[in-house]
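Okay, so here's the structure we're looking at.
Order of the sequence lines fixes the chain letters, A, B, ..., with proteins taken first and strands second; residue numbering starts at 1 for each chain. Treat the numbers as computed from the prediction; the structure is a model and nothing was measured.
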Amino acid sequence: MNNNSNLLHELTKGIWKENPIFVISLGLCPTIAVTSSMTNAIGMGLSCMFVLVCSNLFISLLRNIVPNEVRIPTFIVVIATFVTILDKMIQAYAPALSASLGIFIPLIVVNCIILGRAEAFACKNSPIASILDGIGMGLGFTLALSLIAFFRELLGDGALFGYKIPFFANDPALIMIMAPGGFIVFGLLIALKRTHDLKGKFTK
Amino acid sequence: MPKQMLKTALFLFIISSISGLLLALSEQITAPVIIAINEKFEMQARSQVLPQAKTFKTDKQLAIGYNDDGSIAGFVIGVKPKGYGAQINMLVGINNNGKITGTKILSHSETPGLGAKITGEEFHSKFMSVIEKNEKTDLRVKKDGGDVDAITAATITSRAFCEGLKEAQKIFSENTLILNTSTGGKL
C-alpha cells in the first residue's frame, strides 16, 4: 500500500509539485525556443519524454555496476544514443516535425532535465520508479511547454496548431512569438505558480 | 589501482560498443527512408517551380527540365542569397525564354511573422502576378525603384529574395550560353 502510493507520487510529482520548468527550472533553452507554436511544443515535449523514460530505465539498470568515476560519461553516452535514434526516427517518419524542430532535437542531449533526472533520481532508484519518474517529468515538461505555447501562438500568431482563431487573428502581437514574448509568458506563469504555492504557507 | 582502472576502461568500452551497435542499426533502418523523403521533396519542389517540365536531370547547382518530347523546358536553379537572419535557400524556375516560372523557399531563418512570410502563398502569388503582367520585370523591390512588392516590415528579406532571382538569372544566362554553343544554337 505504502509502496504503491510512493510509486504514484513518482509519477505525479513531475506534473505539479516538482514541475521541471516551473519549479526545477531546467531545460529552459528549448522552452523559449520551441514554444512559438503548439505543434512544436508538444512534439518537443513528447520527444523529451521518450528520451527521459529510456535513459532513466537504462541508467537505473546500470546503477549498481557503473564505476563511480565514469558515471557522468556513461550517462551522456546512454542519453546521446537515445537522442540520436529518436532524431533519425523523426527525420524518417515525421519529416514535417523534423523540419520545424530542426536543431532542437539533437540538442536534447544537453537538456539539463534528462541528465538531472539521471543524476538525481534514476541512479538511486529502481527501474520501475525511474520509468514512472521519466513519464511524470516528461508529462510535466510537455504540459508546461504546451501552456506557454498556447498563450504565445494565440496572442502572437492568432492561431492554435496553425489554425487561425477568429478575433485573435485580426491583429496579433508579433512580439509574443519572438524570444521576448517567450520570456514574458514564462515569467508571468512562474509568478502565478509561485503565488499559488506560497498562499498556503502564509495564510496558515 | 591499475586493476581498477582497467575495469573502468572496460566498462566504458562495453557501454560505447553497445551504443555504437544500436546507432548503426538505427542508421541502417532509417537512412534509406530519409534519402527517399529528401528526393521526393526535391522532386516536388522542382515540378512546383517549373510545372511544364516532365523530367529533370540534375547538374550541381541547377536541374534541367525536359518536355515530353525531350526538348529542354527550362532550368531549376538553386540560390542562397543572404537574408535578414541567415542564408535563404531557394529554388528558382526559369523557362527557355528566361522568364521566371516559379520560386520556392526551401529553408530560411527570417523573423517569424515578418520575413518568414516569404514562404507564404500570398507573397508568392503576388510576385507571380507581377511577373505575368510585365514583359520585363525590374527585379528590385518597389522601394528601390523596381516592380516587386516587398513584404511589409521585411524589406531586407524581400531584397534578398530579389538578389536570389538576379543570381538565378545570371546562372541561367551563363548556362544557356554554354548549352547554345554545345548544341549549335538549338536549345
T74(A) side, atom OG1; I14(B) side, atom CD1 - distance, nearest 0.5 Å: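 Those atoms lie 11.0 Å apart.
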CG-OG distance between L86(A) and S26(B), expressed to the nearest 0.5 angstrom: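 That separation rounds to 10.5 Å.
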L62(A) and I15(B): CA distance, side-chain angles, deciding distance, side-chain contact (heavy atoms from CB on, under 4.5 Å) verdict: CA-CA 10 Å; L62(A) 290 172; I15(B) 288 284; 3.7 Å; yes
Choice from P73(A), P67(A), S98(A) maximising heavy atom contacts with chain B below 4.5 Å: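 That would be P67(A).
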Partner chain B: residue of T81(A), V78(A), D157(A), V77(A) with the largest heavy-atom pair count (under 4.5 Å):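 The answer is T81(A).
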Minimum heavy-atom separation for [X] to [Y], with atom names?
X: F11(B); Y: I65(A); result: CE1-O, 3.8 Å
X: T30(B); Y: K88(A); result: OG1-CB, 3.5 Å
X: V33(B); Y: A92(A); result: CG1-O, 3.5 Å

Counting only heavy atoms from other residues, nucleotides and ligands, does the tally under 6.0 Å from [atom1] of [X] exceed 12?
X: K143(B); atom1: NZ; answer: no
X: K17(A); atom1: NZ; answer: no
X: Y93(A); atom1: OH; answer: yes
X: M128(B); atom1: CE; answer: yes
X: Q28(B); atom1: CD; answer: no
X: I128(A); atom1: CD1; answer: no
X: Y84(B); atom1: OH; answer: no

Proximity breakdown for E69(A) and chain B, heavy-atom pairs closer than 4.5 Å: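 The answer is the side chain of E69(A).
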Contact class of L174(A) relative to chain B, heavy atoms under 4.5 angstrom: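 Contact with chain B involves the side chain of L174(A) alone.
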